[in-house]
There are 2 protein chains.
Amino acid sequence: MADSPRTIEQLLATSEPFKSLGPADRRSLASASRETRYAKGETVFREGDPAEAVCLVKEGRVHLMKFLEGGQASTTCVMTGGDTFCCLPALDRQPYPADAVAAVDSVVVRIPTSAFHDLLQRNPAFLQRSLCLFCERLRQVEHRSCRIYDSVERRLAQSLLTLSKKFGATIPLTKHELAELSNTTVETTIRVLSQLKKQGILKSSRGSTTITKPEQLRHLAGA
Amino acid sequence: MADSPRTIEQLLATSEPFKSLGPADRRSLASASRETRYAKGETVFREGDPAEAVCLVKEGRVHLMKFLEGGQASTTCVMTGGDTFCCLPALDRQPYPADAVAAVDSVVVRIPTSAFHDLLQRNPAFLQRSLCLFCERLRQVEHRSCRIYDSVERRLAQSLLTLSKKFGATIPLTKHELAELSNTTVETTIRVLSQLKKQGILKSSRGSTTITKPEQLRHLAGA
DNA sequence: GAACGTCTATGATCTAGATCAGAGAAGCGG
DNA sequence: CCGCTTCTCTGATCTAGATCATAGACGTTC
């Protein structure tokens, strides 16, 4: 994996919520930030750590996850190129609310929380945009949390559809990763996906799943 | 139920996030607001309704709930005197994210969303305070949503402990309401609570449950 | 105080999905 | 090429908790 040729400044220019910044603010934010490289499986930060940086994925894929009692992992969010995560601590100055783990070799831009926070105070348009994303996030999470008692099939269908917005029809996650996203086990995930494969709704191969009939999948997801 | 003698203005003076307001802002917000009375079981608003008002409970108890496919209700939040709910739509101008239902006869102060929103724009201290509460809420919801695979016992223990912060040791909710809060059935709730009663951790009577050994309950909740 | 609705309680089943066990298949590193 | 790891897949079992059925206890209304 070679370094992307893009500068941090260029990345900010195409990523939320930084798009809304003027060149000067963008430049100063970029110059305060640093790129860090994480190997597959490496931890970017842990739940409860003091939130030193707001993170922005430059390359690769980072999962936000919670570890439940019993040790089972639950992935709450999949972040890829251009995705910003953990703005919350920049607003409330509290610790990180989850673990962040590189799911593949990744490059993450770390923007100091203080710089982000100062900008929020100084730039009303930036605050406005950040709040908007923040509200979206809260609605998402509330939606997610009320799906507790959906069947595994429905949860998986929803996970796949959400992922397909990011990745397109072919979703480059292992069955294990899909299981963690849907709060179930690998075995059950494989069983359910096999069923869907038999029905021609999707194809499956090592490390990826391809949606072939999005309509029917949407139907299963209860959209 | 008689009208409380307090004026809306007095109520605002002791409720979040309005405490932080100066007398002038508080007075104008109060004068734009109206009290509405809801009988037990009445709906204050429905999920998806345009969010015309931010709500503040003056008397009684209002439950925020989602209805899952299959029709089963899930209570996400219990609001009592002085609690403000649905500030989110005032920030992002989107519809209500859940149903609100009066669990007992209640009086709700309805603050027009536009007035709330204007105040957010005008008064930075108020914005600051609102954001803070908002962040808290997001963290709560994220916490909740990752407890999906806790056992019923643990979920019930957590519900009871949360409620006891609001009500004290004696929690005036029916077993049915506790079930909806913990995403389980009445029967299972009763069975689990019976067990806890046998262990001397709580007492139970018609329409209420009393925690007698908070320590042990906290232990079960996995604190 | 009779009748009705709500709440609490308990027993008997049933089932989705976890858990356990095993084994191919694909890729990777030497 | 061989060995090792990771991933996928399938079958057998087990269990928490839902669902179904029934009934007593309490409160409320006429």
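First the proteins, then the strands, lettered A, B, ... as listed; each starts at 1.
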Worksheet item: To the nearest Å, how far apart are E187(A) CD and dG22(C) C1'?
Response: 12 Å
Item to complete: Whole angstrom is fine here: how far is it from OH in Y149(A) over to C1' in dA16(C)?
Response: 12 Å
Discussion item. Do T162(B) and S159(B) pair up side chain to side chain, a donor and an acceptor below 3.5 Å, judged on atom types alone?
Written reply: no
Discussion item. Just N and O in the side chain of T188(B): are any of them under 4.0 Å from OP1 or OP2 of dA18(D)?
Written reply: yes
Discussion item. Within this structure, what is the CG-OG1 distance for the pair L217(A) and T212(A), rounded to the nearest 0.5 Å?
Written reply: 9.0 Å
Worksheet item: Hey, does the side chain of S194(A) come within less than 4.0 Å of dT10(D)'s phosphate (OP1/OP2), counting only N and O?
Response: yes
Worksheet item: Where do A90(B) and T113(B) come nearest, in terms of heavy atoms and distance?
Response: CA-CG2, 3.6 Å
Worksheet item: Using a cut-off of less than 4.0 Å, is there contact between a side-chain N or O of T185(B) and OP1 or OP2 of dT19(D)?
Response: no
Fill in: Rounded interatomic separation in angstrom, taking CD from Q195(B) and C1' from dG17(D)
14 Å
Worksheet entry | Salt bridge K66(A)-E180(A), side-chain N to carboxylate O under 4.0 Å | no
Response to the item:
Taken to the nearest whole Å, CZ/R155(B) to P/dG17(D) is 7 Å
Practice prompt. Grab the CD-C1' distance between Q72(B) and dG17(D) for me, whole Å please.
Written response: 13 Å
Discussion item. Quiz question: by atom type and distance under 3.5 Å, do the side chains of S145(A) and S145(B) form a donor-acceptor pair?
Written reply: no
Worksheet item: Which part of the nucleic acid, if any, lies within contact of T174(B), taking any heavy atom under 4.0 Å across all strands shown: a base, the sugar-phosphate backbone alone, or nothing?
Response: sugar-phosphate
Discussion item. Side chain of R191(B), heavy atoms from C-beta onward: which of dC7(D), dT6(C), dT10(C) has the nearest atom to it?
Written reply: dT10(C)
Item to complete: May I ask you to evaluate whether K175(B) reaches the phosphate of dT6(C), defined as a side-chain N or O under 4.0 Å from OP1 or OP2?
Response: no
Worksheet entry | Protein-nucleotide distance (L156(A), atom CG; dT8(D), atom P), rounded to Å | 13 Å
Fill in: Options dT10(C), dT8(D), dT10(D), nucleotide nearest the side-chain atoms of I190(B)
dT10(C)
Response to the item:
Note: for S151(B) and S205(A) on DNA chain D, the residue whose nearest nucleotide lies more 5' is S205(A)
Discussion item. Closest-nucleotide mapping onto DNA chain C: is K197(B) or D150(A) further toward the 5' terminus? I mean the 5' end.
Written reply: K197(B)
Worksheet item: Has T189(A) got a side-chain N or O lying under 4.0 Å from the OP1 or OP2 atom of dG17(C)?
Response: no
Item to complete: Find the distance R154(A):CZ to dG17(C):P and express it as a whole number of Å.
Response: 11 Å
Fill in: Whole-Å distance separating the NE2 atom of H176(B) from the C1' atom of dT19(D)
15 Å
